[in-house]
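Here is the structure we will look at.
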There are 2 protein chains.
Amino acid sequence: MAPMPPSDELPGSAAHVLELVASGSATSRADLVRELGLAASTVSTRVQELVDAGLLTESGEGASRGGRRPRLLRVVAQGAVALAADLGSHHIRTGAVGLTGAPFDIDEYTFDLTAGPEPALDVLAERLTALAERQHAAGRTVRGVGVGFPGPVDTDGGRIIAPSRMPGWHLYELRDRLADRLGLPVLLDNDANVLALGEQRAAHPTLRHLVVVKAGRGIGSGVISGGRLYRGAGGSAGDISHVRVDAAAERPCSCGNIGCLETVASGAAIAAALRGRGIAADSTTDILRLVENGEPHATTLVRQAGRDIGAVLAVVVNFFNPEAVILGGALSGAEPLVAAVRGVLYERCLPMATRELTIDAATCGPDAGLLGAGHAALREPAPADGLRSRAAGRT
Amino acid sequence: MAPMPPSDELPGSAAHVLELVASGSATSRADLVRELGLAASTVSTRVQELVDAGLLTESGEGASRGGRRPRLLRVVAQGAVALAADLGSHHIRTGAVGLTGAPFDIDEYTFDLTAGPEPALDVLAERLTALAERQHAAGRTVRGVGVGFPGPVDTDGGRIIAPSRMPGWHLYELRDRLADRLGLPVLLDNDANVLALGEQRAAHPTLRHLVVVKAGRGIGSGVISGGRLYRGAGGSAGDISHVRVDAAAERPCSCGNIGCLETVASGAAIAAALRGRGIAADSTTDILRLVENGEPHATTLVRQAGRDIGAVLAVVVNFFNPEAVILGGALSGAEPLVAAVRGVLYERCLPMATRELTIDAATCGPDAGLLGAGHAALREPAPADGLRSRAAGRT
DNA sequence: ATCACTTACTTCGGCGATCGAAGTAAGTGT
DNA sequence: ACACTTACTTCGATCGCCGAAGTAAGTGAT
């Protein structure tokens, strides 16, 4: 049950201790001893370091378990935060993420990313600078920025790769451009990946293998394997959108192929289909509203989208055998979609693969992406001055 | 390029050093220093330990690279071996596997596994005992046994789980039964998994993410992620056989569902289809022979099987983004199948996923399974007396 | 109230893996 | 023959972690 250490570190690293305390898995040194499996003396020294560094505090005493009362530990709320930005094709959402709790100081603006990278960079830099200033004013240190982008990302290079329907973005070095503008380290990743990280950290910290689907205007998925984000050989793992499905027949897709899942089951496709029937629908919000109002065409289309997504996920579930499939993104708010995915998975997958499989809608709502991006950014650079990472303990 | 350590160990473990020397990645202490990234002094001590333990020897000197000649290292061939058994639904293949090189002392018998576990155990125990005795006579120490089974396996429990078409095997504790009979530690795994391990170790030691398909009488796949075998949450990862494909329409499958890939693309299904057209075909060998002789129905069926397998693999490749897809098993000897898989993958997958993707037939032939099973068994128990594993270095 | 027991945490000495520096050994190239 | 390179060993020093023992502060039965 003990959550694994974040990133590549050995158990017992400073970041790992912080993670356990922040997530509430451990509230005292004794708890940490139990969770980490390290000697009490080792934990004591590690905690002392973190207290000295100003990242942890003692705050009162807890309930006795038959002996001396434990001295409770808390992460210093005033401590470090990361800024987070979740980019959609038609909106930008920003917020601040601390070591503990939900994102805060959240803002959302409509913005058309397809207009090209430069205007987007300007808006992002401007909004994030303002956010950073508010954090400073509140006495918090801003340690970095995490950004989720709705398209393929070269995470190592910090740039966008050939996003469909977003001319001008190919090979755009968003990470370094933004870092230059803000004077802060920036971490850039795919939106489905940061969503997966957020859902895992916040809602399912104990699960080690899960698939988080982002069903919104487009369809993507983030894969967590062995408790870590899985990117695959070329960094493009998790695509389920450009898979041929029967229902899509010969429809041309933005990827250049035909019959892709995206052409029938994405929010964009559903909205287009609705418009084709004379029903006004543009965004995923419109679709959700129509479904909630019981509009029959909308409900049918969303349910069929769920079946199509389920058909693809059935292959993924048999192959990958995850502990959970989490449905996120705007469309996951539509009950018929979730129900359809569930039905298809239970019908088509091997019993061995579904016996202990959880299939659920995401619980973190629209902030999961922010949380994941922020958490990732918060852990990326050196944890704090004077605290070396214990992963590469060379002298 | 440095191969990762086997199993869960830190770089620089005794087993890791042995692996590097055995695979030819390192031939001297200086090589090891470069591969492991450890200090020269550390490598020296580690090598000395292995020499003292009788697992490594110095054998002459290598070519100078502009300074003193390196002292070449070799694994002691007379050292330890593991026995390996690769079970098929209608055959058993056994052999011995050393730290280096190909399996040897190989035997294959036809045997009907569907007749139930007890007779199979008898035959296995008898043949492996004889094999072990031959190894002892040759002065080699037998350290363990690796077994690949053609069906779902609970690797932790060492038993078979609900194999289709193999009555009596459900929950059979093959590992412990065999271990009792032989007096040796036994490692039991799925046949596709040991095939994947064998192919990776022997042919693609540098690849970290690959999918190895076993296309024989049935269809299975072994997944290697991050250089390690991936089993998924319930241990059933890698199934691609029970996925619905168009071509299979309403055909009932042994898994209880309809339209599974297995009902059209497995060796068993192809043989049945041939018999339905009045062509005598029983085993995968028969199919291969027919294809090589240019029998049009056989070729068509095999090619179509390749397309169907490719359609499923396309989803897997987009999702998992491996570095390579390796086609193994008897049917991979049929060129049309390999060609069809290639064609479908390149046509259907995202360019990002196929740009650096290798799609090849397995190179290790029928011995890959033995090699994987043997290698796994060889590394499973304590490496050798007096050599503690450096992974769990508690005092 | 007191005594045995439990839990929580700290202090301290020690072990083992690894490092870097320095030293030895044995080459190559001019 | 001289400087330079590579290969390897020897020798403290360091660092993380451990376990034992000690301190602190509770609970619960007599």
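- Counting to the nearest Å, the P atom of C:dA26 and the CZ atom of B:R65 are 19 Å from each other.
- Looking at residues two or more places apart in sequence or on another chain, you find a ring pair (Phe, Tyr, Trp, His ring centres under 6.0 Å) between A:H209 and B:Y230.
- Rounded to whole Å, atom P of C:dG16 lies 12 Å from atom CD of B:E49.
- Within the 4.5 Å cutoff, the side chain of B:R208 has no heavy atoms near those of the B:I224 side chain.
- Taking atom CD on B:Q48 and atom C1' on D:dC11, their separation rounds to 16 Å, with Å as the unit.
- Toward the 5′ end of DNA chain C lies the nearest nucleotide of A:G66, the other residue of the pair A:G66 and A:A30 mapping further downstream.
- Atom pair B:L73:CG and D:dC8:P shows a separation of 7 Å (rounding to whole Å applied).
- Distance, A:R71 CZ to C:dT7 C1': 14 Å, rounded to whole Å.
- Set against D:dC17, D:dC8, D:dT6, the side chain of A:R46 has D:dC17 as its closest nucleotide.
- When the nucleotides C:dG27, D:dG26, C:dC9 are ranked by their closest atom to the side chain of B:E61, C:dG27 comes out on top.
- Side-chain atoms of A:S41 lie closest to C:dC12 of the nucleotides C:dC12, D:dA7, C:dC9.
- Taking 4.0 angstrom as the limit, A:R69 places a side-chain polar atom (N or O) nearer than this to OP1 or OP2 of D:dG26.
- Here C:dA25 presents its C1' atom at 13 Å from CD of B:E58, a figure rounded to the nearest Å.
- For D:dT5, neither phosphate oxygen OP1 nor OP2 lies less than 4.0 angstrom from any side-chain nitrogen or oxygen of B:R68.
- Distance CG (B:L72) to P (C:dG27): 13 Å, rounded to an integer number of Å.
- B:S59 and B:T57 share no donor-acceptor pair across their side chains, judged by distance under 3.5 Å alone.
- The phosphate of D:dG16 (OP1 or OP2) has no side-chain N or O of A:T42 nearer than 4.0 angstrom.
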Q. When you look at B:L73 and B:V47, which way does the side-chain contact (heavy atoms from CB on, under 4.5 Å) test go after all the steps?
A. CA-CA 9 Å; B:L73 298 173; B:V47 167; 4.1 Å; yes
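- Legend: residues meeting salt bridge (charged side-chain N to carboxylate O under 4.0 Å, His left out) with B:D176, ordered by chain and number and at least two apart, are absent.
- Applying the 4.0 Å criterion to OP1 and OP2 of C:dA8, one finds that A:R34 has a side-chain N or O inside that range.
- Within 4.0 Å (heavy atoms only), B:S64 reaches sugar-phosphate atoms of the nucleic acid but no base atom.
- The nearest whole Å value for the distance from the CG atom in B:L36 to the P atom in D:dA7 is 15 Å.
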